[in-house]
Amino acid sequence: MDDHTQPAAVRARGIVKSFGTGDTQVTVLRGIDLDIYLGEMLLLVGESGGGKTTLLSAIAGILDIDAGDIDVLGVPLSRLPPGKRTVFRGQTMGFIYQQFNLLPALTAAENVAIPLLIQKIGRHEAIQRARAMLDRVGLEDRTEFLPKNLSGGQQQRVAIARALVNEPRLLICDEPTAALDGPNGQKVMALLREVGRSPDRCVVVVTHDSRVFQYGDRMARLTDGRIVGIESIVREGTA
Ligand SMILES: Nc1ncnc2c1ncn2[C@@H]1O[C@H](COP(=O)(O)OP(=O)(O)OP(=O)(O)O)[C@@H](O)[C@H]1O
Ligand SMILES: [Mg+2]
């Protein structure tokens with residue numbers, strides 16, 4: 001995977017991001033350069049509070065950056081006006097948030113259907129596809145439950161189904177297995193892996209979970225606001 005012949009799906013250059021002003025200002029990202037290629041799963045690691053979620057939000061165009069450029073699938077995302085950014089995100093990206101961000105008044109199936117409804121897919125088809133996706137994360141018997149009646153791990157799997165239902169080309173995952181036990185974590189990682197294996201899709205995963213490392217193609221480390229090292233991950237049997 002080191003010999004990247006394709007253009008990067010995500011090309012981030014010189015990303016700077018601070019929060020606050022004056023004495024309380026913290027600069028979290030201090031010049032991030034990062035490429036994510038089609039057909040790969042890139043893992044992003046680093047200490048708590050180091051800026052991993054901030055970087056994912058910048059790549060998704062959810063957060064405005066102070067300096068630098070982010071291109072996604074050849075589109076200059078960081079230069080698009082907010083409305084166009086939102087439309088582009090809806091068409092191309094799935095995001096699994098660290099906090100699951102489920103809508104409390106909607107059932108599991110309705111939550112998963114949201115990205116499809118936004119794309120103007122009819123309600124009946126959207127709910128059918130949402131139920132099929134929930135089946136793939138092992139929640140076929142919970143499709144009509146509200147989030148408050150689901151366990152933490154089940155809510156996380158609803159959030160994962162919602163990120164995958166639209167078949168995004170760029171899948172962004174913030175600690176996707178934090179609330180999952182071994183078997184469910186493996187099931188989810190196999191699904192994410194499948195996305196990363198597709199030649200025209202890619203996945204970036206923030207994780208502290210060493211069980212996840214074996215699924216990645218490369219691992220990038222975020223330290224002191226910069227990407228300090230990117231290693232290829234050699235898996236047994238695929239080296
Ligand atoms: N909206 C905000 N306003 C002010 N500071 C913020 C904001 N969002 C993040 N920060 C600060 O930016 C720093 C990085 O936060 P971030 O959430 O990106 O870290 P992280 O690497 O994802 O950590 P963790 O592994 O604990 O999730 C933290 O010090 C945090 O306090
Ligand atoms: Mg975080």
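Excluded from the calculations below are hydrogen atoms, water molecules and symmetry mates; all remaining heavy atoms, backbone and side chain alike, are included. Every number for a ligand or one of its atoms is a count from 1 in the order of the listing.
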For the residue pair Lys84 and Phe88, would you count it as a cation-pi contact if the rule is NZ or CZ under 6.0 angstrom from the ring centre and within 45 degrees of the ring axis? no
Before signing off on this row, confirm whether Gly50 and ligand 1 have an N or O atom pair separated by under 3.5 Å. yes
How long is the gap from OG1 on Thr177 to NZ on Lys187, to the nearest 0.5 Å? 14.5 Å
Is there a polar contact, in the sense of an N or O pair closer than 3.5 Å, between Phe19 and ligand 1? no
So the atoms of ligand 1 within less than 4.0 Å of a heavy atom of Gln98 turn out to be 27 (O)
Among all protein heavy atoms in this structure, tell me which lies nearest to atom 25 (O) of ligand 1, with the distance rounded to 0.1 Å. Lys52 NZ, 2.7 Å
Protein contact of atom 15 (O) of ligand 1 - nearest heavy atom, named by residue and atom, plus distance: Thr54 OG1, 3.8 Å
Would you confirm whether any non-hydrogen atom of the protein falls under 4.0 Å from atom 6 (C) of ligand 1? yes
Mind checking whether Thr53 has an N or O less than 3.5 Å away from an N or O of ligand 1? yes
Can you check atom 31 (O) of ligand 1: any protein non-hydrogen atom closer than 4.0 Å? no
Examine Gly51 against ligand 1 and note whether any of their N/O atoms are separated by less than 3.5 Å. yes
So the atoms of ligand 1 within less than 4.0 Å of a heavy atom of Glu47 turn out to be 21 (O)
Of the backbone atoms (N, CA, C, O) and the side-chain heavy atoms from C-beta on, which set of Val28 has a member under 4.0 Å from an atom of ligand 1: side chain, backbone, both, or neither? side chain
Got the closest protein heavy atom to atom 28 (C) of ligand 1, with its distance? Gly49 O, 3.7 Å
With clusters defined by side-chain heavy atoms of hydrophobic residues (ILVMFWY) lying less than 4.5 Å apart, directly or transitively, does Phe213 cluster with Ile96? yes
Taking every non-hydrogen atom, the tightest pair across Leu117 and Ala126: CD2-CB, 3.7 Å
In terms of side-chain geometry, is the basic nitrogen of Arg136 or Glu194 positioned less than 4.0 Å from the acidic oxygen of its partner? yes
Could you tell me which non-hydrogen atom of Ala60 sits nearest to which non-hydrogen atom of Arg89, and how far apart they are? O-NE, 2.8 Å
Would you mind checking which non-hydrogen protein atom is closest to atom 26 (O) of ligand 1, with the distance to 0.1 Å? Ser48 OG, 2.5 Å
Strictly below 4.0 Å, N to O, side chains only: are Glu110 and Arg123 in salt-bridge contact? yes
Contact with ligand 1 for Gly46, non-hydrogen, under 4.0 angstrom: no
Any sub-3.5 Å donor-acceptor pair from Asp217's side-chain atoms to Met41's backbone N or O? yes
More than 12 heavy atoms of other residues, nucleotides or ligands under 6.0 Å from CG of Asp69: yes or no? yes
Would you find more than 12 non-hydrogen atoms of other residues, nucleotides or ligands less than 6.0 Å from Gln25 atom CD? yes
Between the Mg ion (ligand 2) and Gln98, is there an N, O or S atom separated by less than 2.8 Å? yes
Is there an N/O/S atom in Ser48 that lies less than 2.8 Å from the Mg ion (ligand 2)? no
Close approach of His208 to ligand 1, heavy atoms, under 4.0 angstrom: yes
Kindly give the heavy-atom pair with the smallest separation between Leu34 and Ala220, and that separation in Å. CD1-CB, 4.3 Å
